[in-house]
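Here is the structure we will look at, set down as structure tokens.
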Amino acid sequence: MYTNKKQNTWKTIDWVTILLYVVMVAAGWFSICGASYDFDYAGLFDPSGRPGSQLIWIGLSVILIFIIMMLDSDVYDIFAYLIYFLIILLLIATIFLAPEIKGSRSWLVIGPVRLQPAEFAKFATALALAKFMSSHGFKLTMPKNFGIALAIIFTPMLLILLQKETGSALVYLAFFLVLYREGMSGYILLAGVCAVIFFVTVMKFSEDIVGITPLGELIVSCMILAITLCLIYFACKDTKRLKISSIITTVILLGGYITSLFTPVNYAWIIIGCISIISCYLIGTSIYKRLWSYGLVALFAFGSIAFLYSSDYVFDEILEPHQQVRIKVSLGLEDDPTGAGYNVNQSKIAIGSGGLTGKGFLNGTQTKLKYVPEQDTDFIFCTVGEEQGFIGATAVLLLFMVFILRLIILAERQHSTFGRVYGYSVASIFFFHLAINIGMVIGLTPVIGIPLPFFSYGGSSLWGFTILLFIFLRLDASRKQRH
């Protein structure tokens, strides 16, 4: 039973999160002013300039917030699949109707307005995933349910990749944190993290050779062996098999060393052979004992080996040339200060020039002279660093940390699975955007082009994040209205 829902909504809404939202949007607007304000042309409130244009989007966002908050919270549950289906159709239409802008077809142009449907697909996917995972009798451990959940996540991701918008597509990997919270095996998450580490390591040391052994392959094969042995102990909890596997490892490595005294040896192959023998032994144990854990460890080992030797193919044949260059620059394999590495180098200079306290609002020289490309969108954080210095940049990061922790607290206190799953989806998406964007700006991750929430210029971005957040706040407000 519900009582005075609309009247109580503004009383039960989480005002702490709203305050954080207002502070971030305001700070974002001032950062956009610092990055794009031109003293000789439009004023701060002129709609023809980016600060004025962003103010219009902010004003429209307020209207959106009121609409979201005044709708019954059940609307988002009932129409979750319909919203998801309509957004999927919009993503498909975008592939064919959108003009090519900066190499991608991801923007729908309607008169003077440009909208990016990929920004709205995030909340639609979160709603659909929450709806499915809150269905009666749902268990993520069932292969069918897990497969459908993956399909909900990967369908928009694939369509966005077809728009050649890689950065926006990668954001959907954040949903795996939600799946982990709802019961997905931590070993799947471990496999994903290992895949990233293996890929980076192979690429980083791809040109180094030790004897006849590629250093990248040697390091990764050692990692796979070490992780496999650890999984035998922690996942299978079998000290006997661990001892036998350790003996096999010792014997094979000793044999490889003795062989190397007479002829050059590829040590990576020796270790791969060792892993293969241990994995076959684990498969036999799995069949004999009828325990899946041994087979899963073997699957991880064989899958890691396959991934190791497919990394070069993925890098050379699947990634676009500009993506290859960005990865190489990020890993220090290429020095391209005037090309792919220009953005990051200029961003670092801008942040470093801000010092401890910064140069002050509208006084950034790097940003005023337009040295940093995309300085009011993807690289907006460098404006914060230059104008507000280390103190201001740290304050922004702390603000986001408090904001994300608050979202997790709200998600945990939800009475319904729908609200909890959606809440964790919101927190995961914001965390992914923050981590990748900041890493991109300071050169820790490749430049893939995703905005900093509430700070980067853009109506689609602001609206997308606002809708994503306030649907959750509406669901949370309804939590206290039920009795």
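Of the N and O atoms on the side chains of E165 and S106, at least one donor lies less than 3.5 Å from an acceptor on the other residue. Looking at Y267 and S260, their side chains do bring a donor and an acceptor atom within 3.5 Å of each other.
The heavy-atom pair separating S460 from L115 by the smallest distance is OG-CA, 3.2 Å. Residue T125 comes nearest to P156 through the heavy atom pair OG1-CG, 3.4 Å, listed as atom of the first residue, atom of the second, then distance. Taking each heavy atom of A235 and V297 in turn, the nearest pair found is CB-CG2, 4.4 Å. Here the closest non-hydrogen pair linking A301 and S279 is CB-OG, 3.2 Å. Minimum heavy-atom separation, A151 to Y84: O-OH, 3.9 Å. Between A35 and I380 the shortest heavy-atom distance is CB-CD1, 4.0 Å.
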>> Quick one, I429 with Y172, criterion side-chain contact (heavy atoms from CB on, under 4.5 Å). Give me CA distance, side-chain angles, the key distance, then yes/no.
In response: CA-CA 8 Å; I429 289 171; Y172 288 80; over 6 Å; no
> Could you walk me through whether D238 and Y233 pass the side-chain contact (heavy atoms from CB on, under 4.5 Å) check?
Replying inline: CA-CA 6 Å; D238 192 334; Y233 180 77; over 6 Å; no
>> Pair M157, L162 - check side-chain contact (heavy atoms from CB on, under 4.5 Å), show working.
In response: CA-CA 9 Å; M157 184 178 180; L162 292 176; over 6 Å; no
> Hey, mind stepping through F302 and S276 against side-chain contact (heavy atoms from CB on, under 4.5 Å) and telling me if it holds?
Replying inline: CA-CA 7 Å; F302 280 129; S276 300; 4.1 Å; yes
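The only option from D378, T166, I436 that meets the side-chain contact (heavy atoms from CB on, under 4.5 Å) definition with I448 turns out to be I436. Checking F146, F138, F175, Y422 one by one against F132, the ring pair (Phe, Tyr, Trp, His ring centres under 6.0 Å) holds for a single residue, F138. Shown are I247, L253, T249, L254; of these, the side-chain contact (heavy atoms from CB on, under 4.5 Å) with V251 is made only by I247. Here the rule is side-chain contact (heavy atoms from CB on, under 4.5 Å) with M184, and of L140, T141, V178, L177 only L140 fits it.
Going from atom OG1 of T285 over to atom NZ of K240 covers 9.0 Å, rounded to the nearest 0.5 Å. Taking CD1 of I277 as the start and CD1 of I272 as the end, the distance is 12.0 Å to the nearest 0.5 Å. In this structure, I18 CD1 and L473 CG are separated by 6.0 Å, a value rounded to the nearest 0.5 Å. Atoms CG and OG1, from L242 and T228 in turn, are 11.5 Å apart once rounded to the nearest 0.5 Å. Considering NZ of K243 and CG of L229, their distance stands at 14.0 Å, rounded to 0.5 Å. Interatomic distance, CG of L218 versus CD1 of I209, reported as 10.5 Å (0.5 Å rounding).
Residues V396 and F455 form a side-chain contact, since some pair of their non-hydrogen atoms from C-beta on lies under 4.5 Å apart. Using a 4.5 Å cut-off on side-chain heavy atoms (C-beta onward), F176 and L150 make contact. A 4.5 Å side-chain heavy-atom check between Y187 and L231 finds at least one atom pair inside the cut-off. You'll find the side chain of L90 reaches within 4.5 Å of the side chain of L108, heavy atoms only. Inter-residue side-chain proximity for I278 and I232 is flagged as met; some heavy-atom pair is nearer than 4.5 Å. Side chains of I83 and K131 form no contact here, defined as non-hydrogen atoms less than 4.5 Å apart. In this structure the side chain of I438 reaches within 4.5 angstrom of the side chain of L434, judged on heavy atoms. Between Q414 and F472, some side-chain heavy-atom pair lies under the 4.5 Å cut-off.
Proximity of a side-chain donor or acceptor of E119 to a complementary backbone N or O of W463 within less than 3.5 Å is not detected. Looking at Y424, its side chain never comes within 3.5 Å of a backbone N or O of G419 through a donor-acceptor pair. Side-chain atoms of T417 never come within 3.5 Å of backbone atoms of S134 as a donor-acceptor pair (strictly under, hydrogens ignored). Under the 3.5 Å distance criterion, the side-chain polar atoms of T383 are left unmatched by any main-chain donor or acceptor of S31. A donor-acceptor pair under 3.5 Å is absent between the side-chain atoms of S286 and the main chain of L282, judged by distance alone. Without hydrogens or angle criteria, S425 side chain to A126 main chain gives no donor-acceptor distance under 3.5 Å. A donor-acceptor contact shorter than 3.5 Å is absent between the side chain of S310 and the backbone of Y313. A donor-acceptor pair is defined here as one N or O able to donate and one able to accept, closer than 3.5 Å; no such pair exists between the side chain of H433 and the backbone of V171. For the pair N266 (side chain) and T213 (backbone), a donor-acceptor distance under 3.5 Å is absent. With Y76 contributing its side chain and I68 its backbone, the two residues share a donor-acceptor pair below 3.5 Å.
The number of heavy-atom neighbours closer than 6.0 Å to CZ of F431, taken from other residues, nucleotides and ligands shown, is 12 or below. More than 12 heavy atoms of other shown residues, nucleotides or ligands fall within 6.0 angstrom of atom OH in Y309. Residue Y81 qualifies as enclosed at atom OH: its count of foreign heavy atoms under 6.0 Å is above 12. No more than 12 heavy-atom neighbours from other residues, nucleotides or ligands sit within 6.0 angstrom of CZ on F390.
With salt bridges taken as basic N to acidic carboxylate O contacts below 4.0 Å, none links E182 and K139.
Ring pair F430/F465: centre-to-centre distance below 6.0 Å. The aromatic ring centres of F454 and Y21 sit less than 6.0 Å apart.
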